[in-house]
2 protein chains.
Amino acid sequence: MNLQSVIVSQSPEDKFREYLTTGNKSQRFTGQQRDMVRFIFSHHDHFDAEALISDMQAASLKISRATAYRTLNKLVDAGLLRRLELGTRTFYEHDYGYPQHDHLQCTKCGKVIEFQNPIIEEAIKQASLAHGFQSEGHSFIVRGVCKECNIARMPKRQLDLI
Amino acid sequence: MNLQSVIVSQSPEDKFREYLTTGNKSQRFTGQQRDMVRFIFSHHDHFDAEALISDMQAASLKISRATAYRTLNKLVDAGLLRRLELGTRTFYEHDYGYPQHDHLQCTKCGKVIEFQNPIIEEAIKQASLAHGFQSEGHSFIVRGVCKECNIARMPKRQLDLI
DNA sequence: ATTCTTGCAAAGCCTTTGCAACTGC
DNA sequence: GCAGTTGCAAAGGCTTTGCAAGAAT
């Protein structure tokens, strides 16, 4: 996590519980779901389903693939997680308690860097207005090479010039 | 296509031929590849592999799935096509001869609207500078509801107020 | 002739799903 | 006890790939 958290009154676990029982729904909050929520909100920055499953298994937590996928979908629906489509793979990151931001993705090492820029909201507003579009969300990913990879790739001679 | 084309000196076909033989490569330009390039650059705005295959078959052009996928990858590599990751599906759009732009995607009807805004380049510049990042490209997709779908969903009473 | 491309079908990857056993409420 | 959840393994999409036959240069 690089950005400052947003202050929230409920714990992720409570928020999820609330979601599960809101409206006409009567979904259950199971032990496995509780483990997932706790694990995700104490450990991960952004991750994909497979990484979550193996990390939880490594932490001796019981988790089956099917349940992991099913619960991830619920967590997104509940507003706890945000889906992050990097290339063609789906990653997840904290949504609840974490500010809106965008991403720089390094094509060499795969690292993902978060950044914030209010200009982007402005661009969305302008484009929406121009096309009578009602925006609901966005995905903005800048691909390139991060500072570390850039230095590593640079021949020594060029480094001297900095 | 909604935006004004960029003037290019070579035909897409010639540019692809050039790519195939540039450097140490000695790749062949086959009839099927030629059909694909011609078809894509005369018909499609943006499309996915399956749509291309069935559209070409409907036009009585011979095309096998494997070759379509292989050639699409080459066309991206050659700079003729740009990959457009919408959600978790891969679409393609013209890159050569077509200006840089971004997308509004309607979550109701699936329509994709192109827009241009120089502010976005500025945002990329700022974020890259702040993180020592060397940007190579980006993907910016705004999800929401397009004008038509918005009107269709609106009760008659509210329409009267417009 | 040589080397690359094609086409089929099989395999890969990620994700969803049918169904019987199980469990939270 | 009822309705929702789990877990397995199978199936679903989309994309890649091994290999023998075919085509471009």
Side-chain angles (χ1 to χ4, degrees), chain A residues 13-14 16-39 46-57 60-78 81-92 110, chain B residues 13-14 16-39 46-57 60-78 81-92 110:
Chain A
E13 206 174 315
D14 288 345
F16 189 45
R17 233 198 209 88
E18 181 181 291
Y19 159 83
L20 288 172
T21 55
T22 287
N24 46 0
K25 288 195 297 287
S26 66
Q27 301 186 102
R28 281 151 203 187
F29 187 60
T30 64
Q32 203 171 135
Q33 292 173 341
R34 182 202 55 221
D35 289 350
M36 275 185 68
V37 174
R38 288 189 186 165
F39 190 87
H46 66 270
F47 58 91
D48 64 8
E50 294 303 321
L52 175 70
I53 292 165
S54 57
D55 288 358
M56 285 187 65
Q57 279 168 350
S60 307
L61 291 168
K62 188 183 165 206
I63 176 96
S64 86
R65 201 168 307 282
T67 300
Y69 278 101
R70 282 191 273 238
T71 304
L72 283 171
N73 285 336
K74 290 189 183 188
L75 290 173
V76 169
D77 219 54
L81 294 180
R82 195 185 289 144
R83 248 186 269 273
L84 182 59
E85 315 283 4
L86 293 178
T88 189
R89 293 173 56 80
T90 300
F91 286 77
Y92 297 87
Chain B
E13 205 174 317
D14 288 346
F16 189 45
R17 233 199 209 86
E18 182 182 289
Y19 159 82
L20 289 171
T21 54
T22 288
N24 45 2
K25 288 193 300 286
S26 66
Q27 302 187 101
R28 283 155 200 182
F29 187 60
T30 64
Q32 202 169 139
Q33 293 173 340
R34 184 203 54 222
D35 289 350
M36 274 185 68
V37 174
R38 288 190 186 165
F39 190 85
H46 66 271
F47 57 91
D48 65 7
E50 295 302 322
L52 176 69
I53 291 165
S54 56
D55 288 358
M56 284 187 66
Q57 280 170 349
S60 307
L61 291 168
K62 188 182 166 210
I63 177 95
S64 85
R65 200 169 308 283
T67 302
Y69 278 101
R70 281 191 275 239
T71 305
L72 283 171
N73 285 336
K74 290 189 183 186
L75 290 173
V76 169
D77 218 54
L81 293 180
R82 195 184 290 143
R83 247 186 271 271
L84 181 60
E85 315 284 3
L86 291 178
T88 189
R89 292 174 56 82
T90 300
F91 286 77
Y92 297 88

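Below, read A as the first sequence line, B as the second, and so on, with proteins coming before strands; counting in each chain starts at 1.
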Send over the distance from [X] [atom1] to [N] [atom2], rounded to a whole Å.
X       : N      : atom1 : atom2 : value
A/Gln33 : D/dG7  : CD    : C1'   : 14 Å
A/Arg89 : D/dT15 : CZ    : C1'   : 14 Å
B/Tyr92 : D/dC14 : OH    : P     : 12 Å
A/Leu72 : D/dT6  : CG    : P     : 12 Å
A/Met36 : D/dT5  : CE    : C1'   : 13 Å
A/Met56 : D/dT6  : CE    : P     : 11 Å
A/Arg65 : D/dA11 : CZ    : P     : 18 Å

5'-most contact on DNA chain D (nearest-nucleotide basis), B/Thr30 vs A/Thr67, goes to A/Thr67
Heavy-atom nearest nucleotide on DNA chain D taken for B/Gly31 and for B/Arg83; more 5' hit belongs to B/Arg83
In DNA chain D, consecutive runs of at least three Watson-Crick or G-U pairs below 3.5 Å, as range with range, amount to C:1-25 with D:1-25
Residue set satisfying ring pair (Phe, Tyr, Trp, His ring centres under 6.0 Å) with A/Tyr69, at least two apart, ordered chain then number -> none
How would you list, by chain and number, every residue that makes a side-chain hydrogen bond (donor to acceptor under 3.5 Å, both in side chains) with [X], sequence neighbours excluded?
X       : value
A/Arg38 : A/Glu13
B/Gln27 : B/Lys74
A/Ser64 : A/Thr67
B/Gln57 : none

What contact category does [X] fall into here, base, sugar-phosphate, or nothing, at under 4.0 angstrom with non-hydrogen atoms?
X       : value
A/Thr90 : sugar-phosphate
B/Asn73 : sugar-phosphate
B/Arg70 : base

What residues 17-29 of chain B contributes to the DNA chain D interface at heavy-atom separation below 4.0 Å is B/Arg28, B/Phe29
Counterpart residues, salt bridge (charged side-chain N to carboxylate O under 4.0 Å, His left out), relative to [X] (two or more places apart):
X       : result
B/Arg17 : B/Asp14
A/Arg89 : A/Asp48
A/Glu50 : A/Arg65
A/Arg28 : none

- Task: Indicate whether OP1 or OP2 belonging to D/dT5 is found under 4.0 Å from a side-chain N or O atom of A/Lys74.
- Result: yes
Nearest heavy-atom approach of A/Glu18 to A/Thr22 is O-OG1, 2.7 Å
OG1 of B/Thr71 to CE of B/Met36, rounded to nearest 0.5 Å, is 4.5 Å
Students should find that the nucleotides of DNA chain C closing off the region near chain B, any atom under 4.0 angstrom from a heavy atom, are C/dT3 to C/dC8
